[in-house]
Amino acid sequence: MKKEFVDKQKKKLIAERNEILDTLTGRNEQLTKLVDTLEAGDEADVASDTIDRSLLNSLGDADQRRLAMIDRALDRINQGTYGLCLLCKNEIPAARLEAIPYAALCVDCQAKEEKKNR
């Protein structure tokens with residue numbers, strides 16, 4: 001894999017990582033506000049706040065999973081293995097990495113994993 005491409009992907013991964021961290025920080029602030037208002041609200045407010053908090057938590061979980069995948073991709077860049085499928089060791093096409101810079105599997109292996117996990 002060409003160094004210029006890997007460098008470009010590294011910048012993209014770092015930018016996406018920073019964006020997620022900023023979003024998670026904002027959600028934590030929203031969650032703190034929800035908890036603070038829980039004490040003063042009536043039952044309808046409490047139910048609404050519970051739903052809001054659940055939604056924030058589930059969105060946070062998805063971002064945390066994506067953040068972990070980004071961190072692993074950055075580790076692979078540092079180890080010199082970025083762009084190689086973790087299962088078959090073949091090169092992941094650049095177009096796939098452009099679309100999903102933290103992709104760890106080639107399309108064929110990803111499809112097999114998804115089929116296996118159904």
Side-chain angles (χ1 to χ4, degrees):
M1 186 128 315
K2 292 183 178 179
K3 182 177 176 3
E4 299 84 29
F5 178 78
V6 174
D7 289 342
K8 181 177 124 185
Q9 293 304 97
K10 183 176 183 177
K11 287 178 186 174
K12 190 186 289 189
L13 287 162
I14 290 170
E16 192 168 343
R17 184 179 193 279
N18 290 337
E19 182 181 316
I20 292 170
L21 291 174
D22 290 344
T23 301
L24 288 174
T25 301
R27 286 192 187 129
N28 284 338
E29 290 170 6
Q30 289 175 326
L31 189 56
T32 301
K33 288 177 186 175
L34 283 173
V35 170
D36 291 343
T37 60
L38 253 177
E39 297 168 1
D42 63 13
E43 286 183 33
D45 289 338
V46 170
S48 175
D49 288 343
T50 301
I51 291 169
D52 290 344
R53 191 172 338 105
S54 296
L55 180 59
L56 284 172
N57 285 335
S58 68
L59 291 173
D61 290 344
D63 280 340
Q64 288 174 7
R65 283 191 300 277
R66 198 172 63 177
L67 185 61
M69 290 187 286
I70 289 169
D71 286 340
R72 288 192 296 269
L74 289 169
D75 286 343
R76 288 192 301 277
I77 288 173
N78 290 334
Q79 296 169 4
T81 60
Y82 180 77
L84 297 178
C85 177
L86 294 179
L87 295 179
C88 70
K89 307 300 182 205
N90 290 330
E91 195 167 289
I92 298 171
R96 176 164 171 75
L97 292 172
E98 282 284 340
I100 308 169
Y102 47 82
L105 303 175
C106 67
V107 175
D108 290 339
C109 289
Q110 182 69 43
K112 289 175 190 172
E113 284 296 304
E114 288 175 5
K115 208 176 215 183
K116 187 169 65 172
N117 292 327
R118 284 186 197 169

Asks: Please report the interatomic distance CG(L87) to NZ(K112), rounded to the nearest 0.5 Å.
Replies: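 With rounding to 0.5 Å, CG (L87) is 8.5 Å from NZ (K112).
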Asks: Does one hydrophobic cluster hold both I100 and M1, with members joined at side-chain heavy-atom distances below 4.5 Å?
Replies: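 Yes, I100 connects to M1 through the hydrophobic network.
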Asks: Nearest 0.5 Å please: distance from the CD1 atom of I20 over to the CZ atom of R65.
Replies: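 The CZ atom of R65 is 11.5 Å from CD1 of I20, to the nearest 0.5 Å.
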Asks: Determine whether M69 and L84 fall in the same hydrophobic cluster, where Ile, Leu, Val, Met, Phe, Trp and Tyr are linked whenever their side-chain heavy atoms lie under 4.5 Å apart.
Replies: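 No.
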Asks: Nearest 0.5 Å, what's the CD-CG distance between Q110 and D108?
Replies: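 Separation between the atoms: 11.0 Å.
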Asks: Do you know which two heavy atoms are closest between I92 and A103, and how far apart they sit?
Replies: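 Shortest heavy-atom contact: CD1-O, 3.7 Å.
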Asks: Can you tell me how far apart OG1 (T23) and CG (N18) are? Round to the nearest 0.5 Å.
Replies: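 Here the rounded value is 10.5 Å.
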Asks: Does the distance from a Lys or Arg side-chain N to an Asp or Glu carboxylate O, for E91 and R96, drop under 4.0 Å?
Replies: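 No, E91 and R96 are not salt-bridged.
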Asks: Show, in sequence, the C-alpha distance, side-chain angles and deciding distance for D63 and R66, and conclude whether the salt bridge (Lys or Arg N to Asp or Glu O under 4.0 Å) test is met.
Replies: CA-CA 5 Å; D63 280 340; R66 198 172 63 177; 3.6 Å; yes
Asks: When rounded to the nearest 0.5 angstrom, what is the spacing between CD in E19 and CG in D22?
Replies: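 Going from the CD atom of E19 to the CG atom of D22 covers 8.0 Å.
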Asks: I'd like to know if the side chain of Q9 reaches the main chain of L97, judged simply by a donor and an acceptor atom lying under 3.5 Å from each other, with no hydrogens or angles considered.
Replies: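 Yes; at least one donor-acceptor contact below 3.5 Å.
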Asks: Rounded at 0.5 Å granularity, tell me how far CG in L74 sits from CD1 in I70.
Replies: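 Result: 7.5 Å between the selected atoms.
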Asks: Quick check: closest heavy atoms across Y102 and A73, and the distance to 0.1 Å?
Replies: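 Looking at all heavy atoms of both residues, the closest pair is CA-CB, 3.8 Å.
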Asks: Using side-chain hydrogen bond (donor to acceptor under 3.5 Å, both in side chains) as the criterion, list what pairs up with D71, not counting sequence neighbours.
Replies: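 D71: side-chain hydrogen bond (donor to acceptor under 3.5 Å, both in side chains) contacts with R17.
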Asks: Among all residues two or more places apart in sequence or in another chain, which pass the side chain to side chain contact (heavy atoms under 4.5 Å, CB included) test with L86?
Replies: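 By the side chain to side chain contact (heavy atoms under 4.5 Å, CB included) rule, L86 matches R76, A104, L105.
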Asks: Whether the side chain of K10 engages the backbone of N78 through a donor-acceptor N/O pair (distance < 3.5 Å, no angle test) should be reported.
Replies: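 The answer is no, because no donor-acceptor pair under 3.5 Å joins these two groups.
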